Amino acid sequence: MAGQNHNPPEHTEAWRRLAGHRRQAAGLHLRDEFARDPGRAQRFSLGLERIFVDFSKNLITGETLSLLLELADQRGLDKKIRELFSGHEVNPTERRPALHTLLRTPDDGIQDTHVLSDVARQVRQERDRMFGFVRKLRAGEVGGATGRPISRVVNIGIGGSDLGPRLLADALSEFHREGIDIDFVANIDPFDIERVLANADPETTLFIIASKSFTTQETLVNANRAKRWLADNGCNDSGPHFLAVSGNAGAVERFGIVGDRYFRIGDWTGGRYSIWSCIGMSAAISIGEDQFRQFLAGAHALDSHFASAGFSANIPVILGLIGIWHNNFLDIGAHAVIPYDQRLERLPAYLSQLVMESNGKSVAADGGKVGVQTSQVIWGGAGSPAQHAVFQFLHQGTRASSIDFLLPLDSNHDSKQYELLVANCLAQGEALMQGSTDAGEPYRRFDGNRPSTTILYDRLDPYTLGMLLALYEHKTFVEAAIWGINPFDQWGVELGKTLAGRIAAELAGDEPPGSHDSSTEQLMGRYRSGRA
Ligand code: F6P
């Protein structure tokens, strides 16, 4: 019921018991827990196909987990998961379901249920169209205006219309098809697109305009710049050089992209959940149909696990509940994602959007004010460079951050060098947990007891990456379900967009100067005069 939070998490019995348990567990040190229980690592680990998750270095005991599982029951998590998968309106402020799991369901697994039949048809159709286009382009059968085959693809999009395909193209570059360059432009800062255009040949470049809304200022400004660049370089028929992925057919047509160059995404695909749709087009061109299907299949395997495994063996459920424990009961407000895998360097940025745009909320789904902390700050970077930049904070800072380490078991590189990477990853987890009891100057001491999860995977292939991204999506969903918030809207980005439009019009002289605070006015004045 709008405006009233009738069922806040802190009113559940399990939440109260967890608060009591926190007081009892205050003196717990992981070092002692490992010493006391030789089976701890096995007891607090779960595997699924190609991934293995060791969550034993988190600040939990068996009792913590039992209480968290009770909390999941009392918050109706089971029902909420069923609603997600069955096309229920899980995004009430936009009156929509969230059907990203359907996007990765194989054709023969899509059930044409009453709720989903139209959508199911659309998913199959657009997926087939995307792969048809990908096959043709990779075969050199898609030409520009002069007929020369397209050999460079530039994805213009931002947020979820950029971070997902960019992550995939980067992480799976070993599957990249030689001969077709893939570039990404997101920033409204002209440097971004000019850098790409400087290397591009107008005859052989295709721009993919990826925007669910097709109203996003940054994307439209860059798309129009691309159009002007084509014209400036003698291309009067820009049609063959554009493709749009969007839910806004009218705006796409007004831009001049028509017919088979328009790929549709449904309004039930959230931007940060859209990599599974035709928004993944640029990545699909890079890695090809078979590998992209593998990516979808990996995510689908994780979906099946999430939808069917009992909660005590359900990896996203367990990781989500541990996140709640750290965040809400131990006051750990930050979570670092540290892949010991250079190819996943962009994963922290991807997950920052996924988690913080989904769960950075202070109003509950029923309209009431949320009375507990919601999203942690998600940050991170690739290990081992991160060790030489931010690990001081992780080891000795006064604010704790929980951590996910990600580590492939098989890199295709020289094994001795690779082993050093493995050693560094494992050493960090151990050091953060154990600390150091050696006496010495205070500044040399490490308290330890800093929580981390280690996610191992056999190798970084499309299937595994699909599993990993779906795992984080569902972990995010679990946390939202416990808090009672809607993870699928993002109203918090609107005010800044409105003000930017107003300030832009004033700077351009299209609008008379408005009234701003003295700081904003001073900064606008300095911009106008060109003086820092
Ligand atoms: O402003 C936030 C946001 O709406 C994100 O949720 C989304 O991923 C991004 O902007 C891009 O939106 P669009 O795909 O509509 O251009």
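Just follow the structure's listing: the first ligand is 1, and inside any ligand the first atom is 1. Reckoned from all heavy atoms, side chains included, excluding hydrogens, waters and symmetry mates. Being a predicted model, the structure only gives us computed values, none of them experimental.
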Which protein heavy atom lies closest to [atom], and at what distance to 0.1 Å?
atom	answer
atom 9 (C) of ligand 1	Ile158 O, 3.6 Å
atom 12 (O) of ligand 1	Thr216 OG1, 3.6 Å
atom 5 (C) of ligand 1	Glu357 OE1, 3.4 Å
atom 15 (O) of ligand 1	Ser213 OG, 2.6 Å
atom 10 (O) of ligand 1	Lys497 NZ, 4.6 Å
atom 8 (O) of ligand 1	Gly160 N, 2.7 Å

Apply side-chain hydrogen bond (donor to acceptor under 3.5 Å, both in side chains) to residues Thr269 and Trp276 and explain how you reach the verdict. CA-CA 9 Å; Thr269 311; Trp276 322 101; over 6 Å; no

Distance (rounded to the nearest 0.5 Å) between Asp290 CG and Phe295 CZ: 15.0 Å

Polar side-chain atom of Ser277 near backbone of Ser274 as donor-acceptor pair, under 3.5 Å: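 Yes, because the side chain of Ser277 sits within donor-acceptor range (under 3.5 Å) of the backbone of Ser274.
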
Closer than 3.5 angstrom, by distance alone: can the side chain of Asp170 be matched with the main-chain N or O of Arg166 as a donor-acceptor pair?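 No, because the side chain of Asp170 does not come within donor-acceptor range (under 3.5 Å) of the backbone of Arg166.
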
Less than 6.0 angstrom from the centroid, inside 45 degrees of the normal: does Lys227 satisfy that with respect to the ring of Phe207?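 Judged by the rule (NZ or CZ under 6.0 Å from the ring centre, within 45° of its axis), Lys227 is not positioned above Phe207.
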
Check whether NZ of the Lys or CZ of the Arg Arg96 lies under 6.0 Å from the centre of the six-membered ring of Phe488 and within 45 degrees of that ring's axis.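 Not satisfied by the 6.0 Å and 45° rule.
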
Name of the residue among Arg135, Arg138, Arg177 meeting salt bridge (Lys or Arg N to Asp or Glu O under 4.0 Å) with Glu289: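 Among Arg135, Arg138, Arg177, the one that satisfies the salt bridge (Lys or Arg N to Asp or Glu O under 4.0 Å) with Glu289 is Arg135.
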
At a 4.0 Å threshold, what atoms of ligand 1 neighbour a non-hydrogen atom of [X]?
X	result
Ser211	13 (P), 14 (O), 15 (O), 16 (O)
Val493	1 (O), 2 (C)
Gly159	8 (O)
Lys212	13 (P), 14 (O), 15 (O)

Between Ser402 and Gln376, which heavy-atom pair has the shortest distance, and what is it? OG-NE2, 3.4 Å

So is Gln353 in contact with ligand 1, going by heavy-atom distances below 4.0 Å? yes

